[in-house]
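Working notes, structure below.
Quantities reported herein were computed from a predicted structural model and do not represent experimental measurements. Per chain, numbering begins at 1; letters A, B, ... match sequence-line order.
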Protein chains: 4
Amino acid sequence: MTTPTTLPADVARDLEEFSIEVPSWGYGNSGTRFKVFGTPGTPRDPFEKIADAAQTHAFTGSAPRVSLHYPWDKVEDFGALREFAEEQGMTLGMINSNTFQDDEYKFGSLTHGDKTVRRRAIDHHLECLDVMRATGSHELKIWLADGTNYAGQDSIRARQDHLAESLAEIYQGLGEGERIVLEYKFFEPAFYHTDVPDWGTSLLHCLALGEQAQVVLDTGHHAPGTNIEFIVAQLLRQNRLGAFDFNSRNYADDDLIVGAADPFQLFRILFEIVQQDAHRPAAGVNFMLDQCHNLESKIQGQIRSVLNVQETLAKTLLVDREALADAQERHDVLEANTILMDAFWTDVRPALAAFREERGLPADPFEAFRASGYEDKVAAERVGGNQMGWGA
Amino acid sequence: MTTPTTLPADVARDLEEFSIEVPSWGYGNSGTRFKVFGTPGTPRDPFEKIADAAQTHAFTGSAPRVSLHYPWDKVEDFGALREFAEEQGMTLGMINSNTFQDDEYKFGSLTHGDKTVRRRAIDHHLECLDVMRATGSHELKIWLADGTNYAGQDSIRARQDHLAESLAEIYQGLGEGERIVLEYKFFEPAFYHTDVPDWGTSLLHCLALGEQAQVVLDTGHHAPGTNIEFIVAQLLRQNRLGAFDFNSRNYADDDLIVGAADPFQLFRILFEIVQQDAHRPAAGVNFMLDQCHNLESKIQGQIRSVLNVQETLAKTLLVDREALADAQERHDVLEANTILMDAFWTDVRPALAAFREERGLPADPFEAFRASGYEDKVAAERVGGNQMGWGA
Amino acid sequence: MTTPTTLPADVARDLEEFSIEVPSWGYGNSGTRFKVFGTPGTPRDPFEKIADAAQTHAFTGSAPRVSLHYPWDKVEDFGALREFAEEQGMTLGMINSNTFQDDEYKFGSLTHGDKTVRRRAIDHHLECLDVMRATGSHELKIWLADGTNYAGQDSIRARQDHLAESLAEIYQGLGEGERIVLEYKFFEPAFYHTDVPDWGTSLLHCLALGEQAQVVLDTGHHAPGTNIEFIVAQLLRQNRLGAFDFNSRNYADDDLIVGAADPFQLFRILFEIVQQDAHRPAAGVNFMLDQCHNLESKIQGQIRSVLNVQETLAKTLLVDREALADAQERHDVLEANTILMDAFWTDVRPALAAFREERGLPADPFEAFRASGYEDKVAAERVGGNQMGWGA
Amino acid sequence: MTTPTTLPADVARDLEEFSIEVPSWGYGNSGTRFKVFGTPGTPRDPFEKIADAAQTHAFTGSAPRVSLHYPWDKVEDFGALREFAEEQGMTLGMINSNTFQDDEYKFGSLTHGDKTVRRRAIDHHLECLDVMRATGSHELKIWLADGTNYAGQDSIRARQDHLAESLAEIYQGLGEGERIVLEYKFFEPAFYHTDVPDWGTSLLHCLALGEQAQVVLDTGHHAPGTNIEFIVAQLLRQNRLGAFDFNSRNYADDDLIVGAADPFQLFRILFEIVQQDAHRPAAGVNFMLDQCHNLESKIQGQIRSVLNVQETLAKTLLVDREALADAQERHDVLEANTILMDAFWTDVRPALAAFREERGLPADPFEAFRASGYEDKVAAERVGGNQMGWGA
């Protein structure tokens, strides 16, 4: 394929309709167990986070929603937060619950052996549903840090049963048009087992709950070597892929910029998605960034991430699917692979620049934002107060 | 726990009822892509394999069934094979299909894009059902080497759909009291994707088929770091663990002697099993060895494997479950772990020796077999002919 | 092997001479990037840490040294700290430097591209040498969190050169009888590369420095599947194993109780050590715990860890090495493996209990400590102040 | 970077000088332990393999050497084979020894406990040196399948000592201008340990031998997650990277087409190489394909592999290294990463097509070969005889 200067009309339409949700916590500080490095200009409250998120959207045109984390993003008046977001051209997206930072949850939350603790965790999720409604969202994301550190510490089986019961009660709280998505995660540092380690476990709980429960796949939450695009295809085949968390990892749950570690993996994943038309809004998959920024500039990191997804999606949309199907049918392994790789190696950046300029956006959002002076401005303005990070 | 000299009565009863199926192919030659090393005395036909398998049972008293692999174990008269087995005190167990060694299956079998190839693969499985009936078995094990080597080579999604259709047709062939078990496998050398890579995929197909379809878990078929005992607990919770393949691995699908690489993992897995009473015959889980022997003596390797399972099962049955539940409830992490480890470190070998002697079995089956002269005898007798191995 | 009631004299002597160094930070709070759970009674200063460490020794008789972390364990008068330790029957062990928690080190320390930062990091290490002398220690342990998060972020090669220069300057500061040990680590969360990722890199730097530089192997710092006992054997063959950090991991650098995740791995590692007599003090390997405790009781966790090492070491010393060598020579794979496993499965706890009682120690140090009332006492006494953790 | 239509002169020069050695065994059949699929036209003797290898060179202009495997490629008259190669425009490259397919080597070769077996293995290598001279080569590649399957099977330490002695004797056989390269490999299926598992071990043996011994790095021979470009940088820093084996893997030692599984990894590796000018002939690194083809067309697979390396190398040569160094110095993490990625995403295929046409080569060697009719021709001609594969 020669380098295209413009995108085909159908590709342009798909890209126009495709949007990415950004995480409020991606604009706060984060780090490792050793050290969280602060940066001048880091938001000190949820309003400032949303203001920063709005920059990502302003420059890319593709990130119009921001996920909230509760209670990290707790404010007195969620209506006011929603209005503020709308003034910035943003809507509020998924609500993320948090049952991993209170002393009560030291040994689990929705899976805890003690009914009182489960009650507390269930109530927290019901409260999240209230926040969801107050913010105009209709989705609650459940990620649990539940698990054990040592064999024998607790009963794997009993915890599954507790989880099923807890989820059922939360599910009862859903109204029409609302849904929960349940995230799985292969491991946490120091863990022996996690209570929702894989897509199979998440899906089984969703199947038991009903149609308003779906799986959320986070690219960073798998065993080494896992073929993630296979899982995407399988969940789509079951109509149960509710949300997709973009990020990138080399070793652990690294939450690096999506596409940074393995851009070809991102391409293969997105290709499974477009093959089942799941990139279209009608499919109901919420595509999100779930990543944070330790060393790099946060807003720049978010913009780069949106661009990485957008460029890669464009590549997958350019795959000659007819020729591919034909080569597959003939079992011409190398021709089929060549057709796929041809799209991967095609440089879509010039055509995307044109696409943006036609829509009044900067040709290169990353450079444009860097040149905008926003970072200096907020660094100068945001003096005093406590910078937000995980847990604050 | 002090070293017990006898087993508690309930433990003894459980061990007495517990049995392990052995694989006919474990008595033939095997190797790597580089080299298959032959050994004097290796069986040259299925009858000799069964004779060797019968040794494993004669010395351990716990391995009364032998799995067949079709067509590796094809004989003219399966009734005669069955009678021969019964004369040796054995019954014939699961029938294992084979769709990975014919040129037609180069690009897949039950998942193949071409209807003719799928037809052939389905027919092979229906033929296996006939063999199953002829041998007095009621279980068909399906393990597929289907998959692709390169991204783009074929459609992941289409292959799932083909697989579902093919399995449905095989399932239609089942009579009452018969079942199929579907094995999953994380990877094959040179593969990009396998069509049944994980327990979730296998379970989804089984759920779609019906109650007579269950999952088979092979300990060697997971990503590095996978918590296998969690999967065991989950499949038992769904009543879908049909069979369990014992073996051991360090890196790949190594098919080493069970317990060789990580004896504590075997203990944790068996503890999940006994906690749900799944070691009892009533649970309907077929426990099998699925391993082969490259460097070590084959019959000795099988006997050692049976002993490893038996010893470890005894340890799990000795766990003080009441004390454990109590420590778990108090979240006394270290006490709970200590209670579990106490059973692991208990030396059950003297009590098992007594258990065997009471039943007319040698105290140490491994040494007794080595001293029996059987290996020399068959090495002398089995001269000429072709030694059996994979594919022969 | 029947369960021994007493240890052979040579094994008892070896165990008597063998000692384990404990980490001061193992007695403080630790956790994950999400949450550090505090516990009543947690030390509020280095003196209290040493008091707790002394408990580990008092009950096990095998943990007479405590490693310090600088500046976590900074006190005004290190001489006073040393005296305090000696009053408790302890000596101060390795000094651990820290260049991973200051803003200056955000992009590296000894490997940093900027000379000023490297200067600061080198000076910190020279200061550590002063602390080392003030505490009566003669060993400095260097573990670096240096590395990058993204490809292209910095020059891998240049950083190696910087590291070599920085280490050379620190090495110049060593006096006779002093040494540095350089730790390697496969990954850090969010990293793309670490500057000392493997034993080969650590060893190359040590070889370039001279005889007073040695490698420290931490069991938790390897890629999945790495055969750690091979590395032990190789480093001993080069006379460059300076220190050995015990801990346990399932997935990441989990710092769990040694032997918790894979007790057979610990056995294999220690067997390589005893085969080269490296467990003896004369070999100069400093055996240490490097682990921390998130959920479990800290002192109990340390005591359990010491016991796990001691029991496993006893097992390796009981291996019938003559019989093993003979089976190996005959390539009797299964007999050789059986001889090794016989020692692994032997229950050494009764004999160790006797060994302890003969020496005026409790037969079961873990239970004895739990019954001692020490934890309640310090929880009652240590009210107010700031509990110590990583970074404090 | 806009898509270049021609390559800068210095890049073109570097590409012109850069060459890749192809493996004779890549033109024969290969497979897994289950099945080797044959293909019409597969070579039946070493001459036919070389004829096929010459096709790779004829169409790409970059693969003028072919490695031999001994005794797989044993012929009566190596002088005749050499002449035949030269007539085809090829030279004969590295000689690969083989000590993994004879019954004598079941338990090891150069590491074997039995002197007689070691003698045989050493003599085989000395014979390889003769073959090397007869073919005009000056390099011997040693890859060993030595190791054990079970803990305790043999002494890890003793095997290292044997290996050192055996290598020393082979090394004595080297003349001036000749060298040996020693390959390492993380694992073999069914292994518990390999005797040369990592670059550190290989390098230590080379350092002990002398300047004419160097390490060969095979991209498929590492633990999951290993940062291979780091190892490249480290070995180049030690002047000990003798050869580099290209291939690709998802899980095991898959020997897939280089760049197929992770094209960005290939880019990062080659970027470390060009940063140290090691792609230039003067650096003395022998770049080779070490891969085989199970499902795909063999010659096409080799051509695609050469193109993948060539395209990726061109990308790394286009990195704006001055701008990168500047961004690195300013610790502008995202700008540095962006500069690197800019080169990765640049489509070099049009410029490479022009580069080839200027040199009388087809613009698209892959398509040109497919259209050439060669495969049909040899399929028609090569009837009868035994197709060559591993071991034949």
| Looking at B:Tyr192 and D:Asn250, what are the two nearest heavy atoms and their distance? | CA-ND2, 3.5 Å
| said: At a 4.5 Å cut-off on heavy atoms, which part of B:Asp102 comes close to chain D: side chain, backbone, both, or neither? | reply: backbone
| Are there more than 12 heavy atoms of other residues, nucleotides or ligands under 6.0 Å from atom CG of D:Asn386? | no
| message | For D:Asp254 versus B:Ala190, what's the shortest heavy-atom pair and its separation? | response | OD1-N, 2.8 Å
| query | Parallel, tilted or perpendicular for D:Phe186 and B:Tyr251, by the 30°/60° rule? | reply | perpendicular
| remark: The reported gap from CG in D:Leu295 to CZ in B:Phe191 (rounded to nearest 0.5 angstrom) is 7.5 Å
| said: Between D:Tyr150 (side chain only) and B:Ile257 (backbone N and O only), is there a donor and an acceptor less than 3.5 Å apart? | reply: yes
| task | Tell me, out of D:Tyr105, D:Trp143, D:Phe107, who's got the most heavy-atom pairs with chain B below 4.5 Å. | result | D:Trp143
| said: Nearest 0.5 angstrom please: D:Lys35 NZ to B:Asn98 CG, how far? | reply: 10.5 Å
| Nearest heavy-atom pair of D:Ala252 and B:Pro189: which atoms, and what distance? | CB-CA, 4.3 Å
| message | Which atoms of D:Phe100 are under 4.5 Å from chain B, going by heavy atoms: the side chain, the backbone, both sets, or neither? | response | both
| query | For B:Asp255, is it the side chain, the backbone, both, or neither that has a heavy atom closer than 4.5 Å to a heavy atom of chain D? | reply | side chain
